[in-house]
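Remarks on the structure that follows.
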Amino acid sequence: MTSTPISAVVAPREPTIFDLSRPGRCAQAQLPPALAADIPAALRRRRRPLLPEVSELQAVRHYTRLSQLNFSIDTHFYPLGSCTMKYNPRGCNQYAMLPEFLGRHPLAPAVQGQGYLACMHELQEMLKEVTGMQGVSLTPMAGAQGEFAGVAMIRAYHHARGDFERTEVIVPEAAHGTNPATATMCGMKVIEIPCNADGDCDIEALRKVVGPRTAGIMLTNPSTLGVFERHIAELRALVHDAGGLLYYDGANLNAILGKVRPGDMGFDVIHMNLHKTFSTPHGGGGPGAGAVGVAARLLPYLPIPVVGREGDKYRYLEERDLPQSIGRLSGFMGNAGVLLRAYIYMRMIGREGMQRIGEYATLNANYLQARFRQEGFELAYPSRRATHEFILTMKHSARDLGVTAMDFAKRLLDFGYHAPTTYFPLLVPECLLIEPTETEAKEALDGFVGAMVAIKKEAAVDAARLKGAPHTLPVRRLDDVRAAKQLDLIWKPAA
Amino acid sequence: MTSTPISAVVAPREPTIFDLSRPGRCAQAQLPPALAADIPAALRRRRRPLLPEVSELQAVRHYTRLSQLNFSIDTHFYPLGSCTMKYNPRGCNQYAMLPEFLGRHPLAPAVQGQGYLACMHELQEMLKEVTGMQGVSLTPMAGAQGEFAGVAMIRAYHHARGDFERTEVIVPEAAHGTNPATATMCGMKVIEIPCNADGDCDIEALRKVVGPRTAGIMLTNPSTLGVFERHIAELRALVHDAGGLLYYDGANLNAILGKVRPGDMGFDVIHMNLHKTFSTPHGGGGPGAGAVGVAARLLPYLPIPVVGREGDKYRYLEERDLPQSIGRLSGFMGNAGVLLRAYIYMRMIGREGMQRIGEYATLNANYLQARFRQEGFELAYPSRRATHEFILTMKHSARDLGVTAMDFAKRLLDFGYHAPTTYFPLLVPECLLIEPTETEAKEALDGFVGAMVAIKKEAAVDAARLKGAPHTLPVRRLDDVRAAKQLDLIWKPAA
Amino acid sequence: MAFIPHTADDVREMLDTIGVASIEQLFDEIPAALRAGPLTGIPAALSEMQIGRLMSERAARDGRPLNFIGAGAYEHHIPAAVWAITTRGEIYTAYTPYQAEASQGTLQTIYEYQTMIANLTAMEVSNASLYDGASGLAEACLMAVRANRRSKAARILMPRAVNPTYRKCVEAIASNQGLIFEEVPFDPATGQTALDALARFEGEDITAIVIQQPNFFGVLEDVDSLTEWGHAHGALVIAAVNPTSLALLKPPGEWGAKGVDIAVGEGQPLGVPLCSGGPYFGFMATRMEHVRQMPGRIVGRTLDLDGRPGFTLTLQAREQHIRRGKATSNICTNQGLLMTAATIYLAIVGPEGLERVASASMVRTTELASAVSTIPGVHAAFSAPHFHEVLLRLDRPVGPVLDELAAQGIAGGYDASRDYPELGPVLLVCATETKTCDDIETYAKALAAALGAPRAT
Amino acid sequence: MAFIPHTADDVREMLDTIGVASIEQLFDEIPAALRAGPLTGIPAALSEMQIGRLMSERAARDGRPLNFIGAGAYEHHIPAAVWAITTRGEIYTAYTPYQAEASQGTLQTIYEYQTMIANLTAMEVSNASLYDGASGLAEACLMAVRANRRSKAARILMPRAVNPTYRKCVEAIASNQGLIFEEVPFDPATGQTALDALARFEGEDITAIVIQQPNFFGVLEDVDSLTEWGHAHGALVIAAVNPTSLALLKPPGEWGAKGVDIAVGEGQPLGVPLCSGGPYFGFMATRMEHVRQMPGRIVGRTLDLDGRPGFTLTLQAREQHIRRGKATSNICTNQGLLMTAATIYLAIVGPEGLERVASASMVRTTELASAVSTIPGVHAAFSAPHFHEVLLRLDRPVGPVLDELAAQGIAGGYDASRDYPELGPVLLVCATETKTCDDIETYAKALAAALGAPRAT
Ligand SMILES: Cc1ncc(COP(=O)(O)O)c(C=O)c1O
Ligand SMILES: Cc1ncc(COP(=O)(O)O)c(C=O)c1O
């Protein structure tokens, strides 16, 4: 008797929605009445767009099945460093999606939005409190746009003082890619400075580049190296003395909530990733929310709208209220629904919770770091405490066995763990940036260490299995080079 | 190099929630304030119940992962005969779950429920229209309870006329198990009659048993053999002439919607499975809703409450309104939320849609039947049209190859199809009862036939593979005998 | 065509394959005389958008009153995660796990549920749900008749303090099989079932006795004595319990010397929305010795062909699809989705959370009782300790008072004088953990106003 | 501890493993001088129940007005399935698909989305979303500067009829890089961008021209002529389009002889709720020749080790995490969830549904315009054909009229005189397929009443 291979009958990968489409099929219950619109012939579309023609069931089944192909917080431990993949409380979603909130038009009069605006105003106040800043604008739609707002405010500040020479932004080499990209978008020149062997900024290098052209410095703290920058006082003095301002990339705020406040430390501006620290959903790539907080001297430049309060009435502060504002960064006021989720989360966490988050995120990271040390893994900064995250380097395994950080990452998927961030920050070779977050239980951390240990053993005896990983996912390792060379970016009907 | 088997690292089956539990862990955001209740010592619980102590993330992740282990309409073709596994429109769920509906207490005064009651009254009216009956009660909570209400009404009817001798209920042998079970629950004696080779009731057999002890007959039409009973007129005459009433098991109403109406055909009472024909969710086993419709002579006996209308006001009709009612079958008025979903579905389908459902359900079943015939499968009733479902028998494959209907069913799972109903009705050997429903596209049907053909081929060359199926699911074939012999019904902590 | 995917081409090909000219021809076996006309009474189809608007308008008509009604259905906070998960397609649109291998999610959830119910009630086994609490009690009575082999009478003692709707429902269902229910009165002072009234059944054949804890008045019964009496007289003991209360109260498995025989109850308080009365679910637990008499589905853990654990329906020989007319019940479709919600609810709140829900509800109701007790003409009807409901005696008919409260957006309680005319005007009120001190104050003010009575403070 | 699972035992074991005595010690690298005090300004924690109640109260304060505002965000019916699926945990709680093999669901969805956007706009490629329509237009302008190698000027023609907020946003973002925007006036009679006003740019270095279709007034532009003018003058053409309108209107890829170079727009109308302005998403499509200048993520189909197809992020060398200061944009997190909703929306409504949404919206707005045209003092401001918005000229200031409508539960339109003082009191109104004839009648009556004008009928 011959045996058909089992893999041949594993449910096939899901076809595209276009493969499921048949001319003339449609989800009738979703059609509004057929009314004839009168459009001048020259402006009329000639051929219907090629959109899927499927039944409602087909659409539901298709996207349900596709969703099952994902790893996510709700299904897997997801220690993606720098991304703070913590539990997204379902209550935040439920209450942000109350019909009144969903149905409110952004330009509806303020009287029809006092409930919503009250939440936004309180959110601004809470963010001021946790950062120690003097003013907050909620409008930036993600971290990168928050950075943009920050650098644009720095620029506006200098310009307002008649200082047009400050065209340089200093960025430590460990910075997230958005920092230099943002500086460029703001028309600034990026000046990189190195970090030292312990992960702190190289103060001597900073001293060399700082000067009258310095608009400011963008500092991520805890840095992307997973350590707390210990020279903030020197750094601040150097930059402020030179007339530059200090930008705080607060994407890693989770680690320091309630422990230090950027405002107290003398920073002039900060952006926060509400989708990280304040646990709004990551949605397969977004949305985010990148609220900015500023010190007093940058208040006039905050992006609009900002929510103002007069007595017990709330309204947007706009052009006439903030004439020096850097302006508008979105069509309305940013990712309102994300802000609602952050607001709900912060209220549920409350004062004490806000303090605990950083503590337990730090505990989890340090515990994992300690466990990895015990198991003989190599830490990028062995002399340092972990913050909310830390870095392993696989450089020895890469050199000795040809098994790279990428191979570990892919093999982890087979064990049911999402991989840490790989090859970031760029300056640590073969690195894995691991951020467990405070919402994971000890057992999940132990399981993860167990998987890494098993993979390390496997690397010694069966490197090929790692290089071929993953083996148990809907696809095996994908050919990225082919993807970039033979671009196939949209579905086309078979010729 | 040794190679670890891949299956060893497939994500393990999900542990139980109790395995995840740790003393003292809890989902704090879900706790109401701690208040000290004053309970007499003798009535106080001594030990806390052993309930899971997990974080909210753990609970969410656990049940999300568990859900992924299921086949369902939203993920798979699910041709489970007699169950009408059609698409459950998401709109029905969304609008039935509006906060006002969810929050309404069942005993709230009618003034605080006019919206809800209006829906229920209209639902009653629509069900009267599709069945041709004179009155409807929505209160039974599933088909079986609808049957109970029906037989109890028949009993009450005879008793009210002083006729206490009618203690027998005639049930064709092809009937669903709930029919005889219901008759017993109503204190009746079950008299079985056979079906003939074409699947119709054996009228001669009926003639022999019908008489002064006959309370009624319970007829499923289309019968569970997947055919339309052709002798309804004779059957009705026989039973009515003998003083018995006719009960219509309307679980298979989907097939005949808009084609025939049980009321027109002379039936005295019908139950409908709203969770089948009217597409409310099956929820992994329920809830259902088993509304009953009655002819004029049974109106006084309808189970309460029924929704009444006076002008533009609605209220429940209760004991004082229907003093002869068989009474109450639930704590309030049955599965209200299910009824809302059925109401929404019926309004979305509308008059024309109501007619189309039966047509396309029948088209799909007959197409599948024709395709199976082409592919050399054996039909249980080859001379008959399929209704919304039909039966294949695997008796030859069982005899010649030792490959049973069960083996086909289990192997289908590997191909990504839920199995048809197996071994029901009991009187067709090695049967598969297949109900595709109208919401499946032709491609799904073709794919299903393709899988069955592939399995049939496999049966000839590799019967062992079928007997070992499924191979690709979270578990392989389960030992039911062991389950019943070594009862393990609740989780216990390791000793 | 709403929810029908067929294109004209599909239909043509399918008809060709079948070998008929039209869909109509597929119905040619139906005798012409039986054919129906068009369904003119059904309104034309609405799009999802239209029905959405209609339902929103209807919902708005119902409003969102501040609710103080209990009487068998209780407003508790439901964590958002419960229904976010319960309505996932894989749960919402699956059916009874007939194909165990393709339903491990549902089956394991049921196994976990069975464990939770067994642990909550301190019983040995649980089924996978019944329709609701009321019909569950009927099933328990029928089961007791089967399980109590020593009794021939099919005679069950039913306290008058048991939820009146439950009593009606049990009657409607079980009387068909000839069961006889004997009413046991309550003590008019305490509201507890009158132990001394049992004397009249001394020496008779009693099949079972029902004990509801708390009883319909929210009053705590002397469950130990009642249980002992039942067992001493050869009766099985059936407990009908509020599951939330079991976080604080002695579980039925520990009543008396050896615990009750069957425990049932309304599962709604465990994560199921009020929703005008359903869908809810009934739970039932029993001792292992009676498991084969239990109605409803049961899941067991077993092994697969590779020796790995998995879950499957078991003891199906009790059920209608196997045993037909001899089954333990006719139940088939049960309340799986609600049971799933309850399982997730219990997992999320845990033992600590359930205890807090129970005690906060109890305390709030006490606060409510004391707030209204200052209103002239309002008195607590009974003296025994309460769980989270209390019966108030008013000095005038309850109906108009409730109407008055309704007009102020308050669902003010249940008019129990309908069921207990002997008590005069009595109002059953309930406050759960969802009620704040302000809510209670609002209620007390509104009640005082409705009674035209200035509150003494 | 809310959302923190650690038991006291866990903490002890973990600290032991680390080798510290307390959690506090883990922060010992932070210089003491920098340490913060307690966060007294943050209120104490609320339970989910409490925040739920608070949010419901706040939502109730906002109410549910009957909405006739458009002005860049449009109320359309969203099929229930869209968000039921979009909020599934596997979608809602995943992140950017860096690990392609563990993110095929997200990646394939993006690939399907890219296809839909490319087909809708009749362009060759699409990215995986930008923040919103306004910032998307800014990105398009920056991209045009990179892509138009022949132009040195970084000078962009921006019609005054383009959404004023878009113009402000583009200015705020792009002016930092020195882009110059030249305003092109509109014809005060038709409301269309004045073609003859372009004459003054004849012979100058123009990098790109922006065309919004329909423009802010809902007016349909002569897109062919504008496109031709742009291309004839060496400018790239940037289209800002309403995606719903593309079901009926000539897509940007077919404007003029060879279509536009970059098409962007606000994706909100495709299944995204209004929600006070976000989260929405911006879409962007372009020609293949410009793909390497496009900002944002892009997904491609490729093969795996076994030669089977799969999806992955591609052309990442454009992005900040690879190219850093030289990236096409700083965008990282985008609007994945909304793009997913839009993909599901488009799959469900399909080409037929989208066409019906568009035409019903157009017809309803025409009906609205004609209903209010009978009110004395109300006139259509422009003569050119409209899509689903129309600018009304009133005989008195708009603000108080809107206040009056708000008091009657109507969100009555957008006061465009704020942005176009030269037009006097003008009100931009919109009716979509969600509005019935009754709604329009309600609006007309309320408007007439607000204007104190009896309607001539
Ligand atoms: C350190 C750091 N800075 C900035 C960002 C950019 O934030 P966003 O992705 O929200 O634009 C990130 C997020 O990935 C980050 O980790
Ligand atoms: C023919 C028939 N009758 C009755 C029933 C019983 O319905 P329910 O499961 O809702 O109790 C069913 C459902 O399985 C059925 O198919």
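Residue numbers start from 1 in every chain, and the chains themselves are labelled A, B, ... in the order their sequence lines are given, proteins ahead of strands. All values reported here derive from a predicted model rather than from experimental measurement.
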Taking every heavy atom of C/Pro251 against every heavy atom of B/Arg45, the minimum-distance pair comes out as CB-NH1, 3.6 Å
Side chain, backbone, both or neither of C/Ala358 within contact of chain B (heavy atoms, under 4.5 Å): neither
Portion of B/Arg385 that has a non-hydrogen atom of chain C nearer than 4.5 angstrom: both
Per-residue tally against chain C (heavy atom, under 4.5 Å) across B/Arg230, B/Lys128, B/Arg371 peaks at B/Arg230
If you tally heavy-atom pairs under 4.5 Å against chain B, which of C/Asn67, C/Val349, C/Val357, C/Ile173 wins? C/Ile173
Honestly, the part of B/Thr422 sitting under 4.5 Å from a heavy atom of chain C is side chain
Using a cut-off of under 4.5 Å for heavy-atom pairs, which of C/Thr87, C/Leu338, C/Val20, C/Ile298 has the most such pairs with chain B? C/Thr87
Tell me, for C/Val363 versus chain B, whether the close heavy atoms (under 4.5 Å) come from the side chain, the backbone, both or neither. side chain
Mind listing the closest non-hydrogen atom pair of B/Gln355 and C/Pro38 along with its distance? NE2-CA, 4.1 Å
Given heavy-atom pairs under 4.5 angstrom as the criterion, report whether the side chain, backbone, both or neither of C/Asp224 touches chain B. side chain
Checking C/Leu402 against chain B: side chain, backbone, both or neither under 4.5 Å from a heavy atom? neither
Run the salt bridge (Lys or Arg N to Asp or Glu O under 4.0 Å) test on C/Arg58 and B/Glu100 for me, step by step, so that the C-alpha distance in whole Å, both residues' side-chain angles and the decisive distance to 0.1 Å come before the verdict. CA-CA 9 Å; C/Arg58 297 227 165 136; B/Glu100 292 87 350; over 6 Å; no
With heavy-atom distances below 4.5 Å as the criterion, would you say the side chains of B/His62 and C/Gln108 are in contact? yes
Look at C/Ser135, C/Ala347, C/Pro351 and state which one has the largest set of heavy-atom pairs under 4.5 Å with chain B. C/Pro351
Do C/Asp10 and B/Lys442 meet the salt-bridge criterion of a basic N to acidic O distance under 4.0 Å? no
Assert top hit (heavy-atom pairs under 4.5 Å, partner chain B, pool C/Pro279, C/Pro97, C/Gly336, C/Gly89) equals C/Pro279
Identify which part of B/Thr182 has an atom lying under 4.5 Å from any heavy atom of chain C, answering side chain, backbone, both or neither. both
Part of B/Arg25 lying under 4.5 Å from any heavy atom of chain C: neither
Examine whether an atom of C/Thr343 lies under 4.5 Å from a heavy atom of chain B, and if so say whether it belongs to the side chain, the backbone or both; otherwise answer neither. both
Interface residue of largest heavy-atom contact number with chain C, from B/Gln94, B/Arg44, B/His282, B/His105, under 4.5 Å: B/His105
Ring-plane angle category for B/Phe332 and C/Tyr280, please: parallel below 30°, perpendicular beyond 60°, tilted otherwise. perpendicular
Do the non-hydrogen side-chain atoms of B/Asp74 and C/Glu90 ever get within less than 4.5 Å of each other? no
Under 4.5 Å to a heavy atom of chain C? For B/Asp38 that would be backbone
Which atoms of B/Gln114 are under 4.5 Å from chain C, going by heavy atoms: the side chain, the backbone, both sets, or neither? both
In terms of side-chain geometry, is the basic nitrogen of C/Glu171 or B/Arg328 positioned less than 4.0 Å from the acidic oxygen of its partner? no
Answer with side chain, backbone, both or neither: which region of C/Thr314 has an atom nearer than 4.5 Å to a non-hydrogen atom of chain B? side chain
Between C/Gly63, C/Ala327, C/Gly19, the one whose heavy-atom pairs under 4.5 Å with chain B are most numerous: C/Gly63
Check whether C/Ile85 gets within reach of chain B through its side chain, its backbone, both or neither, counting any heavy atom under 4.5 Å. side chain
Measure C/Pro79 against the heavy atoms of chain B and call it side chain, backbone, both or neither at under 4.5 Å. both
Pick one of side chain, backbone, both or neither for C/Glu124, based on which atoms fall under 4.5 Å of a heavy atom in chain B. backbone
Can you tell me which portion of C/Ala100 sits under 4.5 Å from chain B's heavy atoms? Options are side chain, backbone, both or neither. both
Taking all atoms of both residues into account, what is the closest heavy-atom pair of B/Pro106 and C/Ala73, and its distance? CG-CB, 3.9 Å
Could you tell me whether B/Arg476 and C/Asp304 make a salt bridge, using a distance below 4.0 angstrom between a side-chain N and a carboxylate O? no
Which atoms of C/Phe3 approach chain B - backbone, side chain, both or neither, heavy atom under 4.5 Å: both
Ring centroid separation C/His6 to B/Tyr360 under 6.0 Å: yes
Quick check for you: among C/Tyr92, C/Phe311, C/Phe281, which has the greatest number of heavy-atom pairs under 4.5 Å with chain B? C/Tyr92
Excluding sequence neighbours, so at least two apart, what forms salt bridge (charged side-chain N to carboxylate O under 4.0 Å, His left out) with B/Arg477? B/Asp407
Side chain, backbone, both or neither: which part of C/Asn334 has an atom under 4.5 Å from a heavy atom of chain B? both
Pick one of side chain, backbone, both or neither for C/Ile30, based on which atoms fall under 4.5 Å of a heavy atom in chain B. both
Those residues that, when tested against C/Glu112, pass salt bridge (charged side-chain N to carboxylate O under 4.0 Å, His left out) (two or more places apart): none
Residue, of B/Gln486, B/Glu56, B/His176, that accumulates the most heavy atom pairs under 4.5 Å with chain C: B/His176
For C/Glu254, is there an ion pair with B/Arg46 - N to carboxylate O distance below 4.0 angstrom? yes
Looking at every non-hydrogen atom in both residues, tell me the closest pair between C/Arg308 and B/Pro474 and how far apart they are. NH2-O, 3.9 Å
Given heavy-atom pairs under 4.5 angstrom as the criterion, report whether the side chain, backbone, both or neither of C/Leu246 touches chain B. both
